[in-house]
Amino acid sequence: MSLTAAFDIAGTGLQAQSARLNAVASNLANAGTVAAEASDVYQTRYPIFRASVGNALDNFDNLFQAQFAEFSPGGQLPVAGGVEVPEILTTDAMSQRRFSPSHPLADEQGYVHVSAVNVVEQMADMISASRSFEMNAQVANTSKSMMQRLVTLGR
Amino acid sequence: MKLNVIVSFWHMQCNICGMTAINFDNALGIHDDYLEFRTARAKVLASNIANADTPGYRARDLTFASGSSQAAPFSEVLHGQLTLVDSDAGSLETFNERHIPIRFPVGNAGDASSFDQRFVATYRSEFQPEGLDGNTVDIHEESAAFARNALDFGVSFRLLNSRFSGLNKAITGE
């Protein structure tokens with residue numbers, strides 16, 4: 001039945017948004033952390049979202065899969081599907097060397113490596129994730145009441 | 001007397017459905033199909049909302065071929081006398097290059113083989129130019145559409161329920 005699929009889809013949305021929120025929390029917690037080596041510096045996490053087929057597929061999708069295949073470059077994209085986080089990219093690009101000779105982790109020249117977390121970007125991301133989470137929760141809630149209603153059919 | 005009432009009631013049903021045989025399909029009219037359509041659409045809209053932040057995702061929607069602008073007035077839909085858009089070309093009119101023409105069988109509710117074939121899936125035409133990531137989901141539009149769809153679901157549910165209670169009355173003769 002389609003409504004259970006709507007549930008699943010909203011669930012994938014909740015999952016993806018909380019993964020994003022997790023990444024934001026991790027990034028913010030590590031904003032400004034320092035390391036002795038450039039290789040040890042904190043890597044900013046970026047979760048990647050992708051529309052997924054998942055188990056939300058049913059006959060209904062199969063019907064339209066062919067129609068949509070030519071329009072989606074990757075092909076095989078169903079009409080309805082959830083979202084997934086296939087990978088979390090990390091980058092230490094923009095990390096800085098900061099001159100701080102008194103720091104215990106400073107190298108011979110007196111430099112430490114500071115993580116390159118953009119706090120403003122992360123805060124914006126957090127708000128966006130929180131809004132999207134709310135939306136998906138709302139969808140799950142509405143789907144729930146629709147289903148509850150459906151089981152009373154004929155009474 | 002009671003029998004008369006039942007028979008006349010049944011005749012009324014027959015007039016509504018335009019059928020003579022007794023089966024669920026005729027008795028329930030379009031409402032079960034409509035309910036199914038609403039659940040299917042809920043799924044598509046949920047998918048749009050879940051993918052509101054997915055790069056490259058294009059918002060999509062379902063329309064009911066018979067419920068589209070060219071289709072029968074709602075009164076006919078209500079009485080289960082659907083006239084599908086008559087097109088020898090067999091595809092729905094598209095008025096935007098992004099629309100996906102979908103072919104469907106031509107006929108009426110009596111002989112349309114599958115309800116599934118009356119769905120029309122389209123990409124949503126955007127109000128705002130897509131962002132850098134190519135995502136075309138407008139979260140406000142989607143949430144409004146989802147809420148509306150849930151309301152429509154309630155309407156279809158009610159109508160279907162009243163069909164059932166009508167049948168029940170006819171069976172029990174009360």
- Query: Do you know the tightest heavy-atom contact between B:Ala50 and A:Gly13?
  - Reply: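 What the structure gives for the nearest pair is CB-CA, 4.1 Å.
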- Task: Provide the closest heavy-atom pair for A:Ala6 versus B:Ala46 in the form atom of the first, atom of the second, distance.
- Result: O-CB, 4.0 Å
- Query: Is any NZ, NE, NH1 or NH2 atom of the basic residue among A:Arg20 and B:Asp53 found under 4.0 Å from an Asp or Glu carboxylate oxygen of the other?
  - Reply: yes
- Using non-hydrogen atoms and a 4.5 Å limit, figure out which bit of B:Leu35 sits close to chain A: side chain, backbone, both or neither. side chain
- Side chain from CB out, backbone as N, CA, C, O: work out which of these in B:Ser165 comes under 4.5 Å of a heavy atom of chain A, or both, or neither.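 No part of B:Ser165 comes within 4.5 Å of chain A.
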Cluster overlap [X] with [Y], hydrophobic side-chain contacts below 4.5 Å:
{"X": "A:Ile88", "Y": "A:Val24", "result": "no"}
{"X": "A:Ile9", "Y": "A:Val139", "result": "no"}
{"X": "A:Val117", "Y": "A:Met123", "result": "no"}
{"X": "B:Phe164", "Y": "B:Phe157", "result": "yes"}
{"X": "A:Leu21", "Y": "A:Val83", "result": "no"}

Given side chains that start at C-beta, do those of [X] and [Y] come closer than 4.5 Å, heavy atoms only?
{"X": "B:Asn51", "Y": "A:Phe49", "value": "no"}
{"X": "A:Ser145", "Y": "B:Phe153", "value": "no"}
{"X": "A:Met135", "Y": "B:His140", "value": "no"}

- Task: Kindly check if the number of other-residue, nucleotide or ligand heavy atoms within 6.0 Å of CD (A:Glu37) is above 12?
- Result: no
- Message: Please check this pair: side chain of B:Asn161 against backbone of A:Leu153, looking for a donor-acceptor N/O pair closer than 3.5 Å.
- Response: no
- Message: Applying side-chain hydrogen bond (donor to acceptor under 3.5 Å, both in side chains), can you list everything that pairs with A:Thr91, at least two apart in sequence or on another chain?
- Response: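 So A:Thr91 forms no side-chain hydrogen bond (donor to acceptor under 3.5 Å, both in side chains) with any residue.
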- Query: About how many Å separate OG1 of B:Thr39 and CG of A:Leu150, when rounded to the nearest 0.5 Å?
  - Reply: 7.5 Å
- Message: How long is the straight-line distance from CZ of A:Arg50 back to OH of B:Tyr57, given to the nearest 0.5 Å?
- Response: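 The distance works out to 14.5 Å.
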- Task: Can you tell me which residue pairs pass the ring-ring contact (aromatic ring centres under 6.0 Å, His included) test with a partner in residues 97-143 of chain A, sequence neighbours excluded?
- Result: A:Phe99-A:Tyr111
- Item | Option that, when pairs with chain B are counted at under 4.5 Å, heavy atom only, ranks first among A:Met146, A:Arg131, A:Gln138, A:Gln17 |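 Max contact count across the listed options: A:Met146.
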